[in-house]
Structures are given as structure tokens and as C-alpha cells.
**Q** 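Mind looking over this structure? Questions follow.
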Amino acid sequence: MSAETTRPGNVLVLGDSLSYYGPGGGLPSDDPGIWPNLVGAAVQRPVELFARIGWTSRDVWWAITQDPRIWAALPRADVVVLAYGGMDSLPSPLPTALREQIRYIRPAAVRGRIRAAYGWLQPRLAGAGWPMALPPRVSVEYFEKVRDAIGKLRPELPIVVTLPPTHASAYYGHAHPGRVRTSAAIERWADMHGLPIVDFFPVTVADFATAPETMNPDGIHWGMPTHRAIADLVTPVVEDVLRDS
């Protein structure tokens with residue numbers, strides 16, 4: 001038997017920037033302190049992390065359909081962790097598409113003024129908490145597309161679902177009323193398909209409240225103790241599905 005066939009499969013994580021940002025900004029995907037790698041170390045499997053800042057469930061679906069690295073990683077996966085959805089639930093009073101298109105505006109001076117105006121308006125309008133980046137119904141539609149695509153390729157592959165954390169960010173007006181609706185919709189969808197769930201909210205709301213000095217000053221991303229606490233939640237669920245698969 002070849003080494004390739006005996007090597008353990010990977011823990012494939014589809015996420016957003018909360019998967020790899022620390023208190024000082026983004027970290028490399030192989031940083032041992034981020035929660036996906038802590039989980040991988042605990043279950044003695046390599047990690048394949050696919051994530052970008054600002055990714056919603058729609059962006060993850062686009063990645064599934066367009067990124068050949070994911071196509072290569074899925075056949076070697078032992079478990080998939082869907083660690084996104086938090087961005088979906090954030091207040092986005094100005095269209096997300098507008099923010100994403102600012103980078104293409106020319107000349108640079110005009111781009112800078114528009115970016116400054118967007119940055120000024122966003123936190124002032126976000127306090128209303130509505131509209132969200134994606135409505136819960138749409139989020140679940142993209143979650144289902146991802147699940148269905150994985151199932152067509154690897155019907156036996158276990159999937160773990162995470163529920164959105166919260167934030168303490170002035171950029172979002174310290175508002176997050178959409179989290180409850182988004183979490184409830186994702187949880188109903190996961191229950192419908194018998195997928196195990198890990199809720200990121202309790203740890204993050206506690207750490208933002210009691211240990212803000214350990215968190216990223218942006219009020220969105222986490223400190224390394226929170227990464228450890230999240231890993232401690234995810235690891236036993238991943239161990240259970242690996243044992244049963």
C-alpha cells in the first residue's frame with residue numbers, strides 16, 4: 001500500500017477572515033495558533049483552509065465553483081467545516097456590491113474620496129442593524145448549494161456547521177440584530193440534514209465583553225485565546241464525526 005493511500009485525509013475548512021485573523025491582523029494559513037490548525041493538530045490531520053476577508057456564504061459558493069485548489073482538496077478531505085455566515089448577518093445599509101467595486105474606481109483621488117465617504121456613512125447607518133449583507137433565506141440557499149455540491153462529489157464526507165459569532169465593532173455601529181435570525185435559519189437547515197453544529201456566539205460575546213484587550217482593536221476579529229476557545233469547541237465535534245465516518 002502506498003504512502004498516499006495510508007496518509008490521513010485533511011480537515012477542510014471553508015471560512016472567512018475569522019479563520020485566520022489574530023489581534024494584529026491576518027496570519028498565514030499555516031500559523032499554528034489559528035483555530036483551524038489547532039483543530040487539525042488535535043485530530044492529527046493536516047488542514048486545508050480556504051477563506052478570505054469579507055466572505056459571505058455567497059462568496060464561499062463562488063469559491064467552490066471557481067477555485068481549483070478546493071477541487072483538489074475535497075477528494076482528500078476526511079471532514080469539511082463550514083465556518084462562515086457571520087458576514088452574512090452583519091448590517092450592510094450600503095450595498096455590499098458598492099463596497100466591492102470601490103477598488104476599481106479611477107482615478108485614485110476619486111477612489112479615495114468615495115472610500116472615505118463610504119467609511120463615514122457605514123458606521124452611522126449600520127446602527128439600525130438593517131439591511132443585512134445577506135438575508136437569512138439567501139444565506140441558507142447558498143449553504144445548501146455548498147452542501148449539495150460536496151454531496152455530489154463525496155456523499156459520505158461528513159460536514160460540520162458553525163453558527164455565527166458576534167462582534168463589538170464601531171464600524172458596524174455595535175449592532176448585530178441579524179445574528180439571531182441568521183443563526184436560527186442556519187441551525188434549522190443543518191438540523192434538516194442531520195449536520196452537527198458548533199455555536200461560535202457564546203465564546204465570542206464573552207471574550208469581547210470580558211477580555212477586550214486580547215481581541216483585535218477592530219472589534220471584529222479575535223485574539224489567540226479566543227482562537228483556542230473556538231478550537232476547543234470544534235475539536236470534539238470533528239473527533240465525533242471522524243470516529244463515526
Side-chain angles (χ1 to χ4, degrees), residues 8-57 59-60 63-64 67 69-70 72-74 76-90 146 158-169 171-172 179 183 186 196-242:
N10 60 61
V11 177
L12 196 160
V13 179
L14 299 172
D16 53 28
S17 57
L18 295 173
S19 300
Y20 64 92
Y21 260 59
L27 296 166
S29 63
D30 62 352
D31 187 287
I34 60 176
W35 72 261
N37 292 333
L38 291 170
V39 173
V43 300
Q44 299 183 321
R45 280 168 172 78
V47 173
E48 291 281 1
L49 171 61
F50 298 93
R52 285 189 64 177
I53 191 167
W55 265 9
T56 64
S57 56
D59 297 297
V60 172
I64 284 277
D67 191 338
R69 297 172 303 159
I70 298 180
L74 268 170
R76 300 193 301 269
D78 279 349
V79 60
V80 176
V81 182
L82 305 184
Y84 55 87
M87 284 297 301
D88 301 38
S89 68
L90 291 175
V146 170
I159 297 174
V160 174
V161 178
T162 70
L163 299 182
T166 192
H167 70 88
S169 176
Y171 184 75
Y172 291 103
R179 182 199 62 81
S183 292
I186 295 171
I197 296 168
V198 182
D199 191 353
F200 285 4
F201 174 73
V203 165
T204 55
V205 72
D207 285 1
F208 276 121
T210 62
E213 70 282 356
T214 70
M215 306 295 259
N216 190 302
D218 64 12
I220 301 170
H221 299 101
W222 312 330
M224 306 321 289
T226 305
H227 275 272
R228 166 57 69 183
I230 291 292
D232 289 344
L233 291 177
V234 177
T235 295
V237 179
V238 169
E239 287 175 334
D240 285 346
V241 299
L242 290 174

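Positions are given from 1, in the same order as the sequence printed here.
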**Q** Of all heavy-atom pairs between N37 and S29, which one has the smallest distance, and what is that distance?
**A**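 Closest heavy-atom pair between N37 and S29: ND2-O, 2.8 Å.
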**Q** Test side chain to side chain contact (heavy atoms under 4.5 Å, CB included) on D218 and Y171; report intermediate values, then the result.
**A** CA-CA 8 Å; D218 64 12; Y171 184 75; over 6 Å; no
**Q** Rounded to the nearest 0.5 Å, what's the gap from CD1 on I64 to OG on S57? Could you check?
**A**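 I64 atom CD1 to S57 atom OG measures 12.0 Å (nearest 0.5 Å).
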**Q** If every non-hydrogen atom of D16 is compared with every non-hydrogen atom of A51, which pair is closest and at what distance?
**A**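 That closest heavy-atom pairing would be O-CB, 3.4 Å.
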**Q** Specify the closest pair of heavy atoms between P36 and S19, including all atoms of both residues, with the distance to one decimal.
**A** CD-O, 3.4 Å
**Q** Would you call I70 and L14 a side-chain contact if the rule is heavy atoms closer than 4.5 Å?
**A**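 In short, these two side chains touch, coming nearer than 4.5 Å.
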**Q** Does any non-hydrogen side-chain atom of Q44 lie less than 4.5 Å from one of P8?
**A**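 A side-chain contact is absent here, since even the closest heavy-atom pair is not under 4.5 Å.
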**Q** Measuring from L12:CG to N10:CG, what's the distance to the nearest 0.5 Å?
**A** 5.5 Å
**Q** Please report the interatomic distance OG1(T204) to NE2(H167), rounded to the nearest 0.5 Å.
**A** 10.0 Å
**Q** Between P196 and V241, is any pair of side-chain heavy atoms under 4.5 Å apart?
**A**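 With C-beta onward as the side chain, the pair touches.
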**Q** Establish, from distance only, whether the side-chain atoms of T56 and D59 form a donor-acceptor pair under 3.5 Å.
**A**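 Side chains of T56 and D59: pair found under 3.5 Å.
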**Q** Rounded to the nearest 0.5 Å, what separation is found between the CG atom of L38 and the CG atom of D232?
**A**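 Taking CG in L38 and CG in D232, the distance rounds to 8.0 Å.
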**Q** Given side chains that start at C-beta, do those of T226 and W35 come closer than 4.5 Å, heavy atoms only?
**A**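 With C-beta onward as the side chain, the pair stays apart.
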**Q** Can you tell if the side chain of F50 reaches within under 4.5 Å of the side chain of V60, non-hydrogen atoms only?
**A** no
**Q** Could you tell me whether the side chain of W222 reaches within less than 4.5 Å of the side chain of I230, counting heavy atoms only?
**A**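 Yes, at least one pair of side-chain atoms sits under 4.5 Å.
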**Q** For V43, is there any backbone N or O sitting under 3.5 Å from a side-chain donor or acceptor partner on R45?
**A** yes
**Q** What heavy-atom pair brings F208 and T166 nearest, and what distance separates the two atoms?
**A** CE1-O, 3.4 Å
**Q** If I compare all heavy atoms of D31 with all of M224, which pair ends up nearest, and what's the gap?
**A** OD1-CE, 4.5 Å
**Q** Hey, does V13 have a side-chain heavy atom less than 4.5 Å from the side chain of E48?
**A**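 Counting from C-beta outward, E48 and V13 never come under 4.5 Å.
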**Q** Can you tell me how far CD1 of I186 sits from OG of S89, rounded to the nearest 0.5 angstrom?
**A**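 If we round to the nearest 0.5 Å, S89:OG and I186:CD1 are 7.5 Å apart.
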**Q** Side-chain contact, heavy-atom cut-off 4.5 Å: L233 with T162?
**A**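 When only atoms from C-beta onward are counted, T162 and L233 do not touch, as no gap falls below 4.5 Å.
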**Q** CG/L18 to CE/M87 distance, rounded to the nearest 0.5 angstrom?
**A** 9.0 Å
**Q** Which heavy-atom pair separates I34 from H227 by the least distance, and what is that distance?
**A**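 Looks like CA-ND1, 3.5 Å.
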